Engineer: 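Input: one structure, supplied below.
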2 protein chains.
Amino acid sequence: MAVPAPGLPARVRIHEVGARDGLQNEQTAVPTEVKAEFIRRLAAAGLRTVEATSFVHPKWVPQLADAEQLYPQLADLAAAGVHLPVLVPNERGLDRALALGADRIAVFGSATETFAARNLNRTVAESLAMFEPVVARAREGGAHVRGYLSMCFGDPWEGPVPVAQVVGVARALLDLGCDELSLGDTIGTATPGHVRSLLSALNGAGVSTDRIGVHFHDTYGQALANTLAALEHGVATVDASAGGLGGCPYAKSATGNLATEDLVWMLDGLGIETGVDLAALTATSVWMAERLGRPSPSRTVRALSHKE
Amino acid sequence: MAVPAPGLPARVRIHEVGARDGLQNEQTAVPTEVKAEFIRRLAAAGLRTVEATSFVHPKWVPQLADAEQLYPQLADLAAAGVHLPVLVPNERGLDRALALGADRIAVFGSATETFAARNLNRTVAESLAMFEPVVARAREGGAHVRGYLSMCFGDPWEGPVPVAQVVGVARALLDLGCDELSLGDTIGTATPGHVRSLLSALNGAGVSTDRIGVHFHDTYGQALANTLAALEHGVATVDASAGGLGGCPYAKSATGNLATEDLVWMLDGLGIETGVDLAALTATSVWMAERLGRPSPSRTVRALSHKE
């Protein structure tokens with residue numbers, strides 16, 4: 001029974017990150033064929049944006065070292081209109097992605113200096129300088145560019161991140177030419193008032209809500225409540241990971257990303273259109289969990305797969 | 001960093017149900033001394049309403065058969081102003097509770113006929129008739145009476161539960177003399193629009209929001225988002241279970257009740273006063289998890305206890 005709530009978007013675009021953000025956190029690399037089948041099943045379940053892989057140096061993310069082998073296997077999905085964005089860290093990665101015909105790319109920025117130093121080995125300003133030609137060349141080639149912004153709420157080394165600081169980097173990413181932003185709560189500490197505060201500040205800096213996606217982690221169980229706060233603000237792009245793939249390293253089945261199934265349960269209940277078939281999606285996550293050898297941390301996957 | 005959101009209550013009363021609703025779902029009974037120590041630690045962590053036990057027939061809930069032994073051990077907490085409500089199903093249970101000096105009792109009603117038949121072996125009307133003298137005599141004795149109402153959103157046999165049907169039973173419980181209601185999403189299927197719809201309908205039937213508490217289950221990961229929707233409506237009494245105790249029977253560490261820690265994380269982040277010390281509460285749940293021999297399903301407990 002769908003019971004709408006006033007003021008929420010009629011339709012939400014789910015940006016599925018399980019195959020990239022999820023699988024890059026696995027201890028051992030998943031076989032290319034399994035990745036391709038996973039993405040194929042996600043698309044068959046109705047997901048229309050499935051982040052496929054990352055063109056980072058294999059030394060840094062060996063789990064995704066097969067990007068060149070994987071991406072061409074998905075050509076039929078791309079031809080059928082499924083968006084298959086790929087992460088590129090720099091021009092070298094962009095060259096690899098464009099050579100394979102990628103038409104949606106994403107760069108990965110940080111709102112904090114400490115995470116920029118640790119993740120990108122650069123200052124925030126240096127990382128923006130690195131992204132500048134990437135974004136420019138991608139757009140020249142007709143590609144859509146997403147700008148991820150991590151540590152938008154809290155940073156494990158710096159603590160709470162000032163809203164103005166996040167707005168500054170967000171603004172800079174858009175000024176480089178990014179088409180959309182994904183605001184990451186990388187360590188999962190955000191709460192709904194903080195979410196609203198950042199969204200309002202971005203609007204105040206001239207960023208329209210339709211260019212903003214949200215990317216919440218469920219480390220403290222807050223992801224879905226934060227998503228609701230974002231929807232209430234008008235956000236209509238939500239990142240999620242099938243089955244909650246992409247866990248924290250410290251505990252088996254502990255969770256990192258918001259599980260797509262938990263999100264779809266809420267959106268279905270609110271009568272918000274996503275195009276996703278929850279049963280097919282759950283079956284896909286159960287299938288993937290079998291391949292990974294451990295249960296999904298998604299509450300909805302557990303509840304629904306028990307009943308099957 | 002607390003970032004308030006406009007329109008939410010300044011203070012929330014957490015009605016802690018772990019010692020009753022949680023432990024009654026354990027396979028084996030927890031020793032009375034452990035229960036007493038658990039409640040003592042919950043109170044020390046700042047919880048001011050800790051549901052202590054249930055005076056049901058020991059045949060039905062053997063896990064709580066020690067109510068007569070447990071309750072008197074908590075006299076110092078009661079004297080210190082900690083509310084220790086107890087569940088009573090009928091006059092026999094009320095007699096037992098009153099004989100021990102209980103001054104806060106709760107009856108347990110159902111919004112659906114099927115659950116009333118299965119849980120109470122009565123129709124809804126018959127169960128209300130059974131509660132009538134319980135509530136009347138409790139109030140004559142000066143006790144505060146809470147009316148639980150289960151299956152307020154979905155019922156495993158009947159499916160979605162019509163809002164008007166819930167309002168009818170809620171109204172009847174208040175008319176019997178209940179001081180407050182606790183609206184239970186017993187199977188965890190509710191979503192935020194449904195929550196708002198029921199709250200508005202109750203207001204429309206003359207039930208003021210300050211007499212309403214909410215009791216969400218996290219079976220599909222929706223509990224905290226539903227709580228946010230209730231807070232936005234003005235609800236300021238929220239049931240939760242320390243460590244998420246009270247799991248579904250089908251999976252180890254699967255979750256039933258909203259974990260108090262996940263709730264407190266959100267309320268702390270919103271700057272909403274609860275009086276609860278999250279670190280002390282988490283330590284209590286870790287302690288209890290060790291006694292039960294399995295980890296807490298609470299995301300916040302897992303994240304914080306890993307860091308300790």
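Each chain gets a letter, A, B and so on, in the order its sequence line appears, and its residues count up from 1. Here the structure is a predicted model, which means the values were calculated and not measured.
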Engineer: Need one label for B/Glu261: side chain, backbone, both or neither, based on atoms under 4.5 Å from any heavy atom in chain A.
Structural biologist: neither
Engineer: Could A/Glu232 and A/Arg196 be called an ion pair, given the rule that one side-chain N must be under 4.0 Å from one carboxylate O?
Structural biologist: yes
Engineer: Between B/Pro192 and chain A, which part of the residue has a heavy atom less than 4.5 Å away: side chain, backbone, both or neither?
Structural biologist: both
Engineer: For the residue pair B/His15 and B/Tyr148, does the interplanar ring angle fall in the parallel (under 30°), tilted (30 to 60°) or perpendicular (over 60°) class?
Structural biologist: perpendicular
Engineer: Is B/Thr191 close to chain A through its backbone or its side chain, or both, or neither, when contacts mean heavy atoms under 4.5 Å?
Structural biologist: side chain
Engineer: Take the angle between the ring planes of A/Tyr220 and B/Trp265 and call it parallel below 30°, perpendicular above 60°, tilted in between.
Structural biologist: parallel
Engineer: Anything under 30° is parallel, anything over 60° is perpendicular, the rest tilted; go ahead and classify B/Phe38 against B/Trp287.
Structural biologist: parallel
